[in-house]
Amino acid sequence: MDFQNRAGGKTGSGGVASWSETNRDRRERLRQLALDTIDLNKDPYFMKNHLGSYECKLCLTLHTNEGSYLAHTQGKKHQANLARRAAKDAKDAPTQPAPEKPRVNIKKFVKIGRPGYQVTKQMDPETMQHSLLFQVDYPEIGDGVVPRHRFMSAYEQHIEPPDKAWQYLLFAAEPYETISFKVPSREIDKTESRFWSDWNKETKQFFLQFHFKMPVQTGPGPGHGPGGPGPNQGMLIPPPPMSRR
C-alpha cells in the first residue's frame, strides 16, 4: 500500500495512526505511569485470585496483569465508581458531633445605679505634694466581687473632646454603674506610701489615695540676667487646679 500521498502523511514517514492505535498507546502510557507511582499493596480494591488473574473488587472486572488493572483504574468506569462509593460512605457515616467548647459562666448583673462617693483634696506639708483621697460606698455589692479601678487617657473616652491636660480615674463594681473622675494628667507618685488602696468588707467601702509628683524648675526665673539664678530656681511649682466629676 502506498502511504506517500495519504492525507496527513509526510514523505519518508509512516502512516497516520488510527484512533484505536492512539487509544492503545494512551493506555500504555497511563499503565507505565501508574506502575511508577501507585502502590498496589495499598489499593483496597485490588485482588489476585487463585487463577493468577487480577480483579477489581469495586468494578468486578478481571485483568490478566497488573498493568491492565492499573490502566483500568485510570478509566472513566473506575473513577465513576470511586465517586459513588465515596458519596455512599459519606452518607452512611454517622455524623460526628463537634467537640464541645468549655463553657465559661458569665455573671450577669442588673445595674442598680451609681454608688455614693466622697473625694478629699490633701497636701503633704513636708513635700508640698497634692493628693486625692477617694471613698466609694458599695453597700449592695455582689457576692465575691471586689471593686476595681484604673486610669484612662482622655483619648480612650468618647464622651468629651480629648484634652491631654486631663485623665480619668474609673471605679467599677457589680452591680453598680462604673463611675469616673476627671483629674489632671500629671505623673502619679506610685511609691508604696504615696499610692495605696483598701477594700473594707465590713463597711463595704473602697478607699484609694494617690499623690502627684511635683515638677522641679531648673532654669533661671524670668526677669533675671545670666549673672545669677532667679528666685524660682530649684523651687517646686504649684500644681494646676483639679476638678471633680
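When reading the values below, keep in mind they use all heavy atoms of this one structure, side chains included, and skip hydrogens, waters and symmetry mates. Nothing here was measured: the structure is a model prediction, and the numbers come from that model.
- At a cut-off of 3.5 Å, with distance as the only test, no side-chain donor of Tyr45 or Asn81 sits close to an acceptor on the other residue.
- Every residue two or more places apart in sequence or in another chain that forms a ring-ring contact (aromatic ring centres under 6.0 Å, His included) with Phe151 is listed here: Phe210.
- Shown here are the side-chain hydrogen bond (donor to acceptor under 3.5 Å, both in side chains) partners of Glu174, two or more places apart in sequence or in another chain: Lys111.
- Under the 4.5 Å side-chain criterion, counting only non-hydrogen atoms from C-beta, Gln135 is not in contact with Gln209.
- Of the residues listed (Phe181, Phe207, Phe206), the one engaging Phe134 in a side-chain contact (heavy atoms from CB on, under 4.5 Å) is Phe181, and it is the only one.
- Qualifying side-chain hydrogen bond (donor to acceptor under 3.5 Å, both in side chains) partners for Asp124, counting only residues two or more places apart in sequence or in other chains: Arg194.
- Within 6.0 Å of the CD atom in Glu177, the count of heavy atoms belonging to other residues, nucleotides or ligands exceeds 12.
- For Asp198, there are no side-chain hydrogen bond (donor to acceptor under 3.5 Å, both in side chains) partners, not counting sequence neighbours.
- In this model, a donor atom of one side chain and an acceptor atom of the other lie less than 3.5 Å apart for Gln205 and Asp137.
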Sequence neighbours left out, cut at 3.5 Å: what donor-acceptor pairs do the side chains of residues 54-62 make with other protein atoms?
| unit_1 | atom_1 | unit_2 | atom_2 | d |
| --- | --- | --- | --- | --- |
| Glu55 | OE2 | Asn49 | ND2 | 3.1 |
| Lys57 | NZ | Pro44 | O | 3.2 |
| Thr61 | OG1 | His63 | NE2 | 2.8 |

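- In this structure, Glu192 has no side-chain hydrogen bond (donor to acceptor under 3.5 Å, both in side chains) partners at least two apart in sequence or on a different chain.
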Let me see the working for Glu66 and Lys48 under salt bridge (Lys or Arg N to Asp or Glu O under 4.0 Å), right down to the final yes or no. CA-CA 9 Å; Glu66 295 180 354; Lys48 184 176 182 180; over 6 Å; no
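- Between the side chain of Gln79 and the backbone N or O of Thr73, at least one donor-acceptor pair lies under 3.5 Å.
- Classification of Glu160 and Lys182 as a salt-bridged pair holds, one side-chain N sitting under 4.0 Å from a carboxylate O.
- Within the 3.5 Å criterion, the main-chain N or O of Leu133 finds no donor-acceptor partner in the side chain of Gln122.
- With hydrogens and angles disregarded, a donor-acceptor distance shorter than 3.5 Å links the side chain of Tyr176 to the backbone of Glu140.
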